[in-house]
Visitor: 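Before we start, here is the structure in question, set down as structure tokens.
Note that this is a predicted model, so its numbers are computed, not measured.
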Amino acid sequence: MKAIDPQFTREMRDTHTILAPNMATTQFRLLVNVLKDEGYTVKLLENEGPQVVRKGLKYVHNDTCYPALLVIGQMIDALDSGEYDLDRTALAITQTGGGCRASNYIHLLRKALDKAGYGTIPIVSLNLKGMNRNSGFRITLRMLRKGIAALLCGDTLMLLKNQVRPYEVNHGETQRLVDRWIERLSEQYARGKGYTKRAMTADLRQMVAEFATIETDYDRPVVKVGIVGEIYMKYAPLGNNHLEDYLVSQSCEVMLPGLMGFMLYGLQNQLEDIKLYGGSKIRYAIMWYIKHYLAILEDIMIEEVDRIKRFVPPVPFRKTIESAEEVISLGCKMGEGWLLTAEMRDLAEMGYRNIICAQPFGCLPNHIVGKGMIRRLKELDEQVNIVPIDYDPGATRVNQENRIKLMLAVANENRMEELERKRANYKDR
């Protein structure tokens with residue numbers, strides 16, 4: 001008979017360090033500081049290298065999706081490092097509660113820990129659906145409000161960084177400003193400030209204004225590239241082999257959809273489920289209110305970014321729903337579901353027609369709504385240039401980068417043709 005899994009208790013809040021996997025670096029740095037404000041000691045894992053993949057393969061079945069293999073391999077590698085007191089260490093992992101295997105990572109991690117000899121280490125589940133509760137970890141209203149503010153401001157920092165960094169005259173100035181803003185926002189949250197609508201509006205306005213003052217050279221020939229895909233592979237440098245940094249090194253401006261859109265997508269799916277299959281009216285009202293609140297915050301962010309005309313704001317989520325309905329059913333909601341297809345449509349309309357779709361091994365929904373929708377998207381916009389990039393333990397970085405270079409070669413040809421057309425039109429006037 002299997003022993004009861006170790007639990008993260010109230011007493012452990014004062015004694016244990018919680019190790020959490022990294023994904024969207026800017027947003028997660030802010031979220032970790034929010035958790036620290038609430039009394040938890042949290043460390044964001046940054047260990048990388050081939051040993052992470054090897055340990056993932058050793059302790060996770062090789063048919064399991066690549067993100068699970070990486071996350072679990074990274075955690076076990078951290079525990080093996082000797083850097084942490086194993087009697088005072090816990091692990092944290094998110095659960096979406098959907099049909100994706102991500103909801104089962106916690107069980108895969110528990111099995112891997114038992115196999116690796118770390119069966120006494122507790123796991124904290126980060127989710128909003130009450131799954132795998134631990135008495136020592138609770139999401140309070142204050143924590144939730146701070147977390148939403150951190151996501152909104154983190155998304156904005158990521159957006160501005162990606163639109164300024166390729167053009168900066170003084171190398172590293174953009175990242176230094178990002179770091180200062182993360183420190184500034186974290187200090188506000190620690191003082192119990194910065195998460196009202198008025199405070200967020202003021203922060204976003206000041207943030208946009210400061211990024212606009214960075215010295216830039218917009219005459220540089222730059223290719224605009226959007227990134228979509230399975231959520232971990234899209235954001236995590238460990239998962240996508242530092243894709244953003246590589247694209248910047250190839251003279252690209254990167255556009256990544258924010259995490260706020262994924263949260264709204266999850267809420268929209270819950271509302272659709274209740275409409276289609278029935279459910280609690282009270283739950284429906286709560287989900288509707290949260291979605292409405294997040295949509296208001298999204299509109300505030302879009303309005304503030306749009307004040308500086310050279311910055312491109314994200315598409316509002318209500319428009320993303322319309323983009324999805326053009327090409328796919330909203331009932332297609334496993335994994336990233338219809339959101340992934342809609343994000344490709346939105347990116348093209350925003351001017352980012354060169355799109356990389358990061359596809360992990362073992363993620364069937366991603367292949368359907370990603371690679372499977374390319375033909376339909378090309379029918380709607382023949383200028384769209386989409387390349388699916390597969391990530392798995394056997395895929396080499398060289399092959400991935402070669403495929404990206406081919407996509408960029410096509411993008412540069414299209415860019416030169418567009419310049420020639422503009423010159424021809426100018427001469428005809």
Side-chain angles (χ1 to χ4, degrees), residues 4-47 71-72 74-79 81-97 102-103 105-107 109-110 112-113 118-155 157 179 181-195 232 235-236 238 259-260 263:
I4 297 174
D5 292 336
Q7 298 293 304
F8 186 81
T9 63
R10 287 187 178 90
E11 292 75 19
M12 290 179 179
R13 287 183 58 166
D14 301 323
T15 60
H16 280 53
T17 297
I18 302 174
L19 306 183
N22 192 7
M23 191 177 73
T25 304
T26 302
Q27 294 91 326
F28 274 38
R29 286 173 64 188
L30 284 167
L31 289 172
V32 162
N33 288 336
V34 168
L35 292 173
K36 288 178 180 178
D37 294 341
E38 298 299 312
Y40 301 96
T41 303
V42 185
K43 171 72 182 297
L44 203 59
L45 293 177
E46 297 179 352
N47 51 309
V71 168
I72 294 171
Q74 185 182 45
M75 287 181 169
I76 291 179
D77 181 59
L79 296 175
S81 68
E83 184 179 344
Y84 306 100
D85 181 352
L86 300 181
D87 294 325
R88 295 175 178 270
T89 299
L91 303 176
I93 196 162
T94 56
Q95 284 185 283
T96 60
S103 297
Y105 280 13
I106 191 167
H107 308 295
L109 177 58
R110 181 79 271 157
L113 290 174
Y118 299 122
T120 59
I121 292 181
I123 303 173
V124 177
S125 172
L126 305 178
N127 70 85
L128 297 175
K129 294 193 174 182
M131 299 182 296
N132 297 288
R133 291 181 177 177
N134 286 269
S135 62
F137 186 85
R138 286 287 181 270
I139 297 178
T140 63
L141 179 60
R142 183 178 64 178
M143 185 195 300
L144 187 60
R145 292 184 66 193
K146 285 183 181 181
I148 290 171
L151 277 182
L152 182 73
C153 293
D155 280 354
L157 283 172
D179 294 337
W181 265 103
I182 289 175
E183 184 178 349
R184 187 185 309 179
L185 292 167
S186 299
E187 288 175 354
Q188 284 185 28
Y189 302 152
R191 298 197 310 270
K193 300 181 181 297
Y195 53 89
Y232 183 82
Y235 294 112
L238 172 62
L259 281 174
M260 187 65 77
M263 287 189 66

Visitor: Drop me the distance from I121's CD1 to D87's CG, to the nearest 0.5 angstrom.
Guide: 8.5 Å

Visitor: Consider side-chain contact (heavy atoms from CB on, under 4.5 Å). Of V71, L126, V124, which one does I93 pass it with?
Guide: V71

Visitor: Atom OG1 in T89, atom CE in M12: separation rounded to 0.5 Å?
Guide: 10.5 Å

Visitor: I need the minimum non-hydrogen distance between P21 and A92, along with the two atoms involved.
Guide: CD-O, 3.2 Å

Visitor: Ignoring hydrogens, what is the shortest heavy-atom contact between D155 and Q27? Give both atom names and the distance.
Guide: OD1-NE2, 2.7 Å

Visitor: Measuring from atom OH of Y105 to atom CD1 of I72, what distance do you get when rounded to the nearest 0.5 angstrom?
Guide: 8.0 Å

Visitor: So, does N47 use its side chain to make a donor-acceptor pair with the main chain of Q74 at under 3.5 Å?
Guide: yes

Visitor: OG1 of T25 to CG of L157: how many Å apart, nearest 0.5 Å?
Guide: 12.5 Å

Visitor: Looking at every non-hydrogen atom in both residues, tell me the closest pair between V42 and K36 and how far apart they are.
Guide: O-CE, 3.2 Å

Visitor: Does N22 reach the main-chain N or O of L44 with its side chain, forming a donor-acceptor pair under 3.5 Å?
Guide: no

Visitor: Measuring only between side-chain heavy atoms, which start at C-beta, is F8 closer than 4.5 Å to I18?
Guide: yes

Visitor: Would I123 and L113 satisfy side-chain contact (heavy atoms from CB on, under 4.5 Å), going step by step from the backbone distance to the final call?
Guide: CA-CA 10 Å; I123 303 173; L113 290 174; 3.9 Å; yes

Visitor: Taking all heavy atoms of L31 and all of A150, pick out the closest pair and write down the distance.
Guide: CD2-CB, 3.9 Å

Visitor: Heavy atoms only: give me the nearest I106-S125 pair and the separation to one decimal.
Guide: CD1-CB, 3.8 Å

Visitor: Do the non-hydrogen side-chain atoms of M23 and L259 ever get within less than 4.5 Å of each other?
Guide: yes

Visitor: Do the non-hydrogen side-chain atoms of D77 and L45 ever get within less than 4.5 Å of each other?
Guide: no

Visitor: Enter the distance from E187:CD to K193:NZ here, rounded to the nearest 0.5 Å.
Guide: 13.5 Å

Visitor: Can you check whether S186's main-chain N or O pairs, donor with acceptor, with N33's side chain at less than 3.5 Å?
Guide: no

Visitor: Look only at the side chain of K146 and the backbone of Y189, and say whether a donor-acceptor pair between them is shorter than 3.5 Å.
Guide: yes

Visitor: For the atom pair CG (L35) and CZ (F28), what is the distance rounded to the nearest 0.5 Å?
Guide: 10.5 Å

Visitor: Evaluate side-chain contact (heavy atoms from CB on, under 4.5 Å) for R138 paired with M143, printing each intermediate quantity in order.
Guide: CA-CA 9 Å; R138 286 287 181 270; M143 185 195 300; over 6 Å; no

Visitor: What heavy-atom pair brings P6 and G119 nearest, and what distance separates the two atoms?
Guide: CG-O, 3.3 Å

Visitor: Might you work through the side-chain contact (heavy atoms from CB on, under 4.5 Å) test for R145 and L141, ending with a clear yes or no?
Guide: CA-CA 6 Å; R145 292 184 66 193; L141 179 60; 4.3 Å; yes

Visitor: Above 12 or not: heavy atoms from other molecules or residues under 6.0 Å from CZ of R184?
Guide: yes

Visitor: Please determine if R13 forms a cation-pi arrangement with F137, meaning its NZ or CZ atom is less than 6.0 Å from the six-membered ring centre and no more than 45° off the ring axis.
Guide: no

